[in-house]
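Working notes, beginning with the structure itself.
These numbers come from a predicted model, not from an experiment. Values below: every heavy atom of this structure, side chains too, minus hydrogens, waters and symmetry copies.
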Amino acid sequence: MAVGYGMVDSAYTNVVAALVVSYVVLVVVTRNLLVPIIAILSIGSTICWVIAGVILCGYEFEFFAAILTVMIVGMSVDYAVHLTRGLLC
């Protein structure tokens, strides 16, 4: 079980790191401080909804949920970048 808890902690750490890196990259690319905040809010809300859905379905936050969370971060970052780009045009 210690490996499972370590993986969950690692998932949380990776989510926070991905949000910070995404914000920095979006600030550099867009040269705007406000628009990347909208993108980070979109990413954060997506992650919260997915984790809430997993818990509400009765699953425990274990190995598969940790992998799902990291995958959702990747997909939501891609979506948020396109959304941000659309706001700037």
Q | Option passing side chain to side chain contact (heavy atoms under 4.5 Å, CB included) with Pro36 (candidates Val28, Val29, Val27) | A | Val27

Side-chain donor-acceptor pairs of residues 37-49 under 3.5 Å, sequence neighbours excluded:
unit_1 : atom_1 : unit_2 : atom_2 : d
Ser45  : OG     : Leu41  : O      : 3.1
Ser45  : OG     : Ser42  : O      : 3.0
Thr46  : OG1    : Ser42  : O      : 2.8

Q: Tell me who clusters with Leu56, hydrophobic residues only, linked when side chains sit under 4.5 Å apart either directly or through other members.
A: none

Donor-acceptor contacts, no H, no angles, side chain residues 65-76, under 3.5 Å, sequence neighbours left out:
unit_1 : atom_1 : unit_2 : atom_2 : d
Thr69  : OG1    : Ala65  : O      : 2.7
Ser76  : OG     : Ile72  : O      : 2.9
Ser76  : OG     : Val73  : O      : 3.1

Q) Hydrophobic clusters join Ile, Leu, Val, Met, Phe, Trp and Tyr when side-chain heavy atoms are under 4.5 Å apart, directly or via other members; which others share one with Leu34? A) none

(Q) Which residues pass the side chain to side chain contact (heavy atoms under 4.5 Å, CB included) test with Val21, not counting sequence neighbours? (A) Val25

Q.
According to ring pair (Phe, Tyr, Trp, His ring centres under 6.0 Å), does anything in residues 14-47 pair up with another residue at least two apart or in another chain? List the pairs.
A. none

Q.
Tyr12: which residues meet the ring-ring contact (aromatic ring centres under 6.0 Å, His included) condition with it, sequence neighbours left out?
A. Phe61

